[in-house]
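The structure appears right after this line, and notes come after that.
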Amino acid sequence: MKIQNMFQKDIERDINGVIKVMQDDDRSLEQELSEYIITKELRRHFRTFFDNYTKAIDQPTDKIGVWISGFFGSGKSHFLKILSYLLENRQVGDRKAMDYFVEDKKIVDPMVLADMKLAADTPTDVILFNIDSKSETNGKQNKDAIVNVFLKVFNQMQGFCGSIPHVADLERRLSEEGRYDEFKATFEEEYGDPWEYSRQDFDFIQDSVVDALVSMDFMSEAAARNWCEKAVEPYTISIEDFAKRVKSYIERKGNNHHVVFLVDEIGQYIGDDSKLMLN
């Protein structure tokens, strides 16, 4: 018998040397969940996280931040990804994320498992992202304020335009009034291409946007053109306004809905920039 035949899994299989939060193909996700080893230290971290997280499910709290710290290569990104799968209870392969922990006996403490199951059963939108890759920067000294990156990924999660927040605001308004699909169909009739493929080139499609908004009687032509002019101006949003926007979304969802932002590499993004640290 060869030594390689003594192992349960093929020892020549491809194994990712570095866990990347944006790598979400089914093969990688299944490998990450099935081969995730829960050490004694990780058991403690899972217990701490889910004990505090589940307390906030039924009791509102302003203690909503978790900072994952550790040295380079200690597994912070992997831990973050695993939390995202569990909070969303994502379907991976033929099993849910929680099934990998229950059936494979990764966690055996019944109290921790109960907390994890409660979290997994709570309707949750999980937004997992690498902040540096989502930030629109043109150099180390000119990084987006953190709230702008959060707004971008929050808009993208809802299917709105991430790169142009003014356009996302229009989409949100149309969606709230139940007319977003009508607008997309009307725009495609006017312009010829689907809205989702065209909105990034907003500067070149303004006439078609105006025609669509006018023909569906959503805005007057004057109001639509005025909005288009403002849409190309710099966009500002306060942290308070962003919080209200998230709160409004959660309330529309109902049923104790949660939104969780899981941000990778934020320490590296902030670096020694005191403005970003305060931000």
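Below, all heavy atoms of this structure are taken into account, side chains as well, without hydrogens, waters or symmetry copies. Predicted, not measured: the structure shown is a model, and the values here were computed from it.
Looking at every heavy atom in both residues, E190 comes nearest to S215 through OE2-OG, 4.0 Å. Nearest heavy-atom pair across C228 and Q206 is CB-OE1, 3.5 Å. In this structure, V149 and S135 approach most closely via the heavy-atom pair CG2-CB, 4.0 Å.
Not counting sequence neighbours, the partners of R225 by the salt bridge (charged side-chain N to carboxylate O under 4.0 Å, His left out) test are D207, E221. Residues forming a salt bridge (charged side-chain N to carboxylate O under 4.0 Å, His left out) with R95 (at least two apart in sequence, or on another chain): E103, D104. The salt bridge (charged side-chain N to carboxylate O under 4.0 Å, His left out) check on K184 picks up D181, E196, with sequence neighbours excluded. Legend: residues meeting side chain to side chain contact (heavy atoms under 4.5 Å, CB included) with D51, ordered by chain and number and at least two apart, are K55, D115. Residues that satisfy the ring-ring contact (aromatic ring centres under 6.0 Å, His included) test with Y100, not counting sequence neighbours, are absent from this structure. In this structure, the side chain to side chain contact (heavy atoms under 4.5 Å, CB included) partners of D169, at least two apart in sequence or on a different chain, are R172, Y235, R245. For the salt bridge (charged side-chain N to carboxylate O under 4.0 Å, His left out) test, no residue two or more places apart in sequence or in another chain qualifies with E189. Among residues two or more places apart in sequence or in another chain, the ring-ring contact (aromatic ring centres under 6.0 Å, His included) test is passed with F46 by F79, F101. E41 meets the side chain to side chain contact (heavy atoms under 4.5 Å, CB included) test with T39, R44, H45; sequence neighbours excluded. Under the side chain to side chain contact (heavy atoms under 4.5 Å, CB included) criterion, D62 pairs with no residue at all, not counting sequence neighbours.
At distances below 3.5 Å, not a single donor-acceptor pair connects side-chain atoms of K81 with backbone N or O atoms of L128. Looking only at distances, a side-chain donor or acceptor of K106 sits under 3.5 Å from a matching main-chain atom of S34. Side chain of N89 to main chain of D121: no donor-acceptor pair is present (N/O by atom type, distance under 3.5 Å, no hydrogens or angles). At distances below 3.5 Å, at least one donor-acceptor pair connects side-chain atoms of R179 with backbone N or O atoms of M216.
Identified under the ring pair (Phe, Tyr, Trp, His ring centres under 6.0 Å) test for residues 199-218, with sequence neighbours left out: F202-W227.
Checked by atom type, the side-chain pair D264/S77 shows a donor-acceptor distance below 3.5 Å.
Between atom CG of residue N255 and atom CD1 of residue I250 there is a gap of 12.5 Å, rounded to the nearest 0.5 Å. Note: Y53 OH to T122 OG1 = 6.5 Å, rounded to the nearest 0.5 Å. F50 contributes atom CZ, which lies 14.5 Å from atom CE of M111 (distance to the nearest 0.5 angstrom).
Annotation: I64, atom CD1; neighbour count of heavy atoms from other residues, nucleotides and ligands within 6.0 Å does not exceed 12.
Just one residue in the list I127, V260, V126 forms a side-chain contact (heavy atoms from CB on, under 4.5 Å) with S84, and that residue is V126.
Between F154 and F129, the ring center distance fails the sub-6.0 Å criterion.
Hydrophobic cluster membership for V214: V210 (Ile, Leu, Val, Met, Phe, Trp, Tyr linked by side-chain heavy atoms under 4.5 Å, directly or transitively).
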